[in-house]
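Written out below as C-alpha cells is the structure these notes cover.
Keep in mind the model is a prediction, meaning the values are calculated, not measured. Residue numbers begin at 1 in each chain, while the letters A, B, ... track the order of the sequences.
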2 protein chains.
Amino acid sequence: MVDLATAAGVSLATVSRVLNGQPGASEATAARIWRAVDQLHYEVNHIAKSLRMGATHTVGVLVHDLANPFYPDFIKGVESAAHRAGLSVIVCSGAADESDSTSVMQRQLQMLISRRVDGLVMYGRLLSLAQVRRLLRSHIGVVVVEPPKRTPRGVRAVDIDFREGMEQVVDHLSSLGHRRIALIRQRWHEEWVARSRYRDFQDALAEHGLPYRKKWVGWVDDVNDTALGRAAMRRLLKRAGEFTAVVCHNDMMAIGAMQAAHDAGLRVPEDLSVVGIDDIFASSVVEPPLTTLALPRMEMGEVALNALREESETVRRAVVRPNLVVRGSTGPAGAA
Amino acid sequence: MVDLATAAGVSLATVSRVLNGQPGASEATAARIWRAVDQLHYEVNHIAKSLRMGATHTVGVLVHDLANPFYPDFIKGVESAAHRAGLSVIVCSGAADESDSTSVMQRQLQMLISRRVDGLVMYGRLLSLAQVRRLLRSHIGVVVVEPPKRTPRGVRAVDIDFREGMEQVVDHLSSLGHRRIALIRQRWHEEWVARSRYRDFQDALAEHGLPYRKKWVGWVDDVNDTALGRAAMRRLLKRAGEFTAVVCHNDMMAIGAMQAAHDAGLRVPEDLSVVGIDDIFASSVVEPPLTTLALPRMEMGEVALNALREESETVRRAVVRPNLVVRGSTGPAGAA
DNA sequence: CTGAAAGCGCTTACAG
DNA sequence: CTGAAAGCGCTTACAG
C-alpha cells in the first residue's frame with residue numbers, strides 16, 4: 001500500500017479511505033489511486049486488515065467427516081451464503097485423519113481460535129460444552145445444526161422439522177395401506193441430539209393410530225456403512241411377514257436394508273417397502289430407487305451461516321423443513 | 001501476549017521465545033510462562049504472527065464443484081496432509097453459487113491472494129494462464145491435478161497414470177473375450193487436459209490388437225449427470241450387437257449407460273459389459289455393482305499438498321496410479 | 001539468560 | 001480534502 005501511496009503521490013491514509021469507498025477524497029485523487037491499483041496489481045493485505053480491525057471475516061465449518069456424502073452439499077450452502085456476505089470459509093473435517101477423533105477436534109479448535117475466525121458453524125455434537133464455552137468466551141459465534149440437548153446459552157441452532165417430516169413419511173406409508181412399520185435406528189442417537197427423529201416417528205405413528213413395536217426395531221451402532229444396515233435388516237427379517245414397511249435412520253441404512261431384503265429373496269416394494277432419510281445421490285440410482293425424506297442440505301448450510309451473521313437476539317433457532325421424495329422403494333402393502 | 005508477559009513477569013521477547021521453543025530461557029522462566037498460558041487460556045494470534053512472518057501457513061484448494069462426489073475425498077486428502085504439516089486449508093468451490101463461473105473464480109482468486117495463502121492446490125483447468133501467473137508473481141505456489149496442456153513454468157503437477165489404468169481396463173475386458181469395445185467420451189475434453197484418458201484408451205486397444213471405431217463412440221457434453229450418459233448410450237445402442245462392452249468417461253456416465261442398456265432390455269453384463277472410472281460410492285450399490293477404474297482420490301489430495309511443500313525443483317510432476325476394481329458389470333463376452 | 005525497540009500492512013481519530 | 005502518528009499482536013536482530 002505504501003507503493004500505492006508513492007505512485008499516486010498521496011498519503012497512506014488517503015489511499016485507505018479511497019480503497020474503502022469512504023467519502024471525502026477528490027475525484028482526481030481517487031482516480032490517481034485507482035490507476036495505481038491497476039498498474040501495480042495491488043491486492044489488499046487481508047491479514048494486516050484483520051489484525052487492525054479485530055475481525056477476520058472468516059468462518060469455520062466443522063463436520064464429522066467430509067467424505068460422508070451428506071456434508072458436501074451442506075458445506076456448499078455455507079460457502080455460498082458466506083461468499084455472498086464477503087466471508088471466507090475454513091473447512092474442518094473431524095475424520096481428516098484416522099487417529100483419535102477427540103484430539104483431532106481439539107487441534108481443529110485451537111487452529112480456529114488462533115486464526116481468530118469470527119464464527120463457527122458445526123453439524124451435530126462435535127465439541128464438548130467446555131470447548132463451546134471457550135469459543136464463546138473468545139467472542140466466536142457458534143451455530144450448530146441438529147444441536148445436542150445441552151448447549152451453552154449464546155449458541156444458535158438450526159433444527160430439522162422431523163415432526164412434520166415423519167408425518168409425511170407415515171402419511172405416505174399409511175395411504176399405501178401399511179399398518180405395521182418397522183424401524184432401523186441408531187443406538188445412543190438420543191445422546192447426540194436435543195430431540196430425536198425417532199420420537200417424531202413414534203408420534204406420527206400414534207397420530208395415525210399405528211403401533212410402535214420394539215420387536216420391529218433394528219439397532220445399528222453406526223449409520224455410515226451400508227453393511228450395518230444390511231445386517232440389522234437381516235436380523236429384523238426373522239420376523240419377516242410381521243411388518244410390511246421399514247423406515248431407516250438414513251439412506252445408507254436403507255440401501256443396506258434393501259440389500260438384505262434382496263438377499264432374503266424378498267422384493268422391494270412388493271414384499272417390503274423401504275424409506276430412507278437424506279436423499280443422497282446413490283439413492284436415486286439404486287434399484288429400485290429409494291423413497292426418502294430429503295433434507296435440504298444446501299439450504300441448511302445457508303441458514304446456518306446466516307444465523308451466524310444475524311445481529312438480533314431473536315434468531316436463537318432456525319428451522320428447516322424436510323420433504324418426502326417418493327420413488328420406487330415404496331408401494332401398496334400386501335401387493336405380493 | 002502482553003497479558004502473558006505481565007502474568008509471568010517477563011518481557012514479550014522472552015514469552016515469544018519460550019512459546020516457540022527457542023533455546024536460551026531458564027527452566028524457571030519457561031515454567032512461569034507456561035503456567036500463565038494455561039491460566040489465561042492463551043492462544044497465539046495467528047493473524048499477527050502471519051503478518052510479521054510473511055507466511056500464513058494456509059493453503060487454498062480450488063475445485064469445480066464440491067457437490068460432485070469426486071471432490072470431497074480429494075479435499076480430505078489435502079486436509080489430512082495439511083494438518084500433518086500444521087497448515088490450514090481454505091476450500092473454494094467454483095460452483096458455490098450458480099452465477100457465471102468465471103467471475104466466481106475471479107473473486108475466489110482475489111480472496112485467496114488477499115488472504116495471502118502460501119499455496120494453492122487445484123483440480124484441472126480452473127484458472128487462466130494469466131491468473132496462474134499472477135499467483136506465481138505473488139509468490140503463491142501452485143499445484144494442479146490433471147493439468148492442462150499449457151501451464152506457466154513453476155507450476156507443479158499431479159498426473160494420473162491413465163496409460164497403465166487403461167491397460168488394466170482393456171486387459172480385463174480382453175481377457176473376458178471382448179474384442180469390440182465402445183467408448184463414451186466427453187466432447188472437448190482434450191481442451192482441458194495435457195494428455196487425455198482417451199488417447200491412453202486407444203493406445204491400450206492398439207496394444208491388444210483391438211479396433212477403435214468412431215461409430216462406437218458416444219459423445220457427451222457434460223460428465224456429471226447420469227442423464228447424459230443414459231442419452232449417449234441410447235444413441236449408441238442403435239448399433240447394439242456391434243460391440244460387447246463399453247468404457248465410460250466416469251462412473252456417472254457408466255451408471256447412465258447401464259440405465260440405458262436396461263431401458264433397451266439388455267442385461268448387464270450378459271449382453272453388455274460396462275466399465276466406469278472414479279469409483280464413487282454409488283457405483284458400489286447400483287445393480288449390478290459397477291466395475292470401475294478407481295482413482296485414489298485421497299492419495300491424490302495428499303500428493304498434491306506435499307508437492308506444494310516440496311522444496312526441491314525435482315518434484316515438478318508427481319504421478320498417481322489408478323486401480324481396476326472388478327465388480328458385477330463386466331462378464332464374458334457373448335455370454336447371452 | 002533477558003529486554004527495549006523496530007516493523008509487518010493496515011485503519012482511524014485527530015489536526016490542519 | 002489530506003496527512004502524521006499511533007497501534008493491532010506478534011518476532012527478531014541488537015544490546016546488555
Measuring from atom SG of C92(B) to atom CZ of R107(B), what distance do you get when rounded to the nearest 0.5 angstrom?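 Answer for the SG-CZ pair, C92(B) versus R107(B), is 10.5 Å.
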
Measure the CZ-CG distance between F70(A) and N224(A) for me, rounded to the nearest 0.5 Å.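 Going from the CZ atom of F70(A) to the CG atom of N224(A) covers 10.5 Å.
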
Test L120(A) against every option in V155(A), L127(A), V59(A) by the side-chain contact (heavy atoms from CB on, under 4.5 Å) rule and name the one that passes.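 With L120(A) as partner, V155(A), L127(A), V59(A) yield a single side-chain contact (heavy atoms from CB on, under 4.5 Å), made by L127(A).
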
Heavy atoms only, 4.0 Å cut-off, all strands: where does T29(A) land among base, sugar-phosphate and nothing?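 It contacts sugar-phosphate atoms only.
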
Base-contact (B) and sugar-phosphate-only (S) positions in nucleotides 10-16 of chain D, heavy-atom cut-off under 4.0 Å, - elsewhere: BBBB---

Ion pair present between R115(A) and E43(B), side-chain N to carboxylate O less than 4.0 angstrom?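 Salt bridge: no.
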
Check D65(B) with K76(A), please: is the shortest side-chain N to carboxylate O separation under 4.0 Å?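 Salt bridge between K76(A) and D65(B), a charged N being under 4.0 Å from a carboxylate O: yes.
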
Can you confirm whether more than 12 heavy atoms, excluding those of R137(B), are under 6.0 Å from its CZ atom?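 For R137(B), atom CZ is crowded (more than 12 foreign heavy atoms under 6.0 Å).
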
Base-paired stems that DNA chain D participates in, counting runs of 3 or more Watson-Crick or G-U pairs under 3.5 Å: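 Listed by first number, the stems are C:1-3 with D:14-16, C:5-12 with D:5-12, C:14-16 with D:1-3.
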
What is the distance, rounded to the nearest whole Å, between atom CZ of R115(B) and atom P of dG9(C)?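 Rounding to the nearest Å, CZ of R115(B) and P of dG9(C) are 18 Å apart.
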
Atom-pair distance (CD1 on I33(B); C1' on dT2(C)), nearest Å: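 Checked: the CD1 to C1' distance equals 10 Å.
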
Has R297(B) got its NZ or CZ under 6.0 Å from the middle of the six-membered ring of Y71(B), at an angle within 45 degrees of the ring axis?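 Ring-cation test returns no.
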
State whether a side-chain donor-acceptor pair under 3.5 Å links S50(A) with R116(A).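 No, no side-chain donor-acceptor contact under 3.5 Å.
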
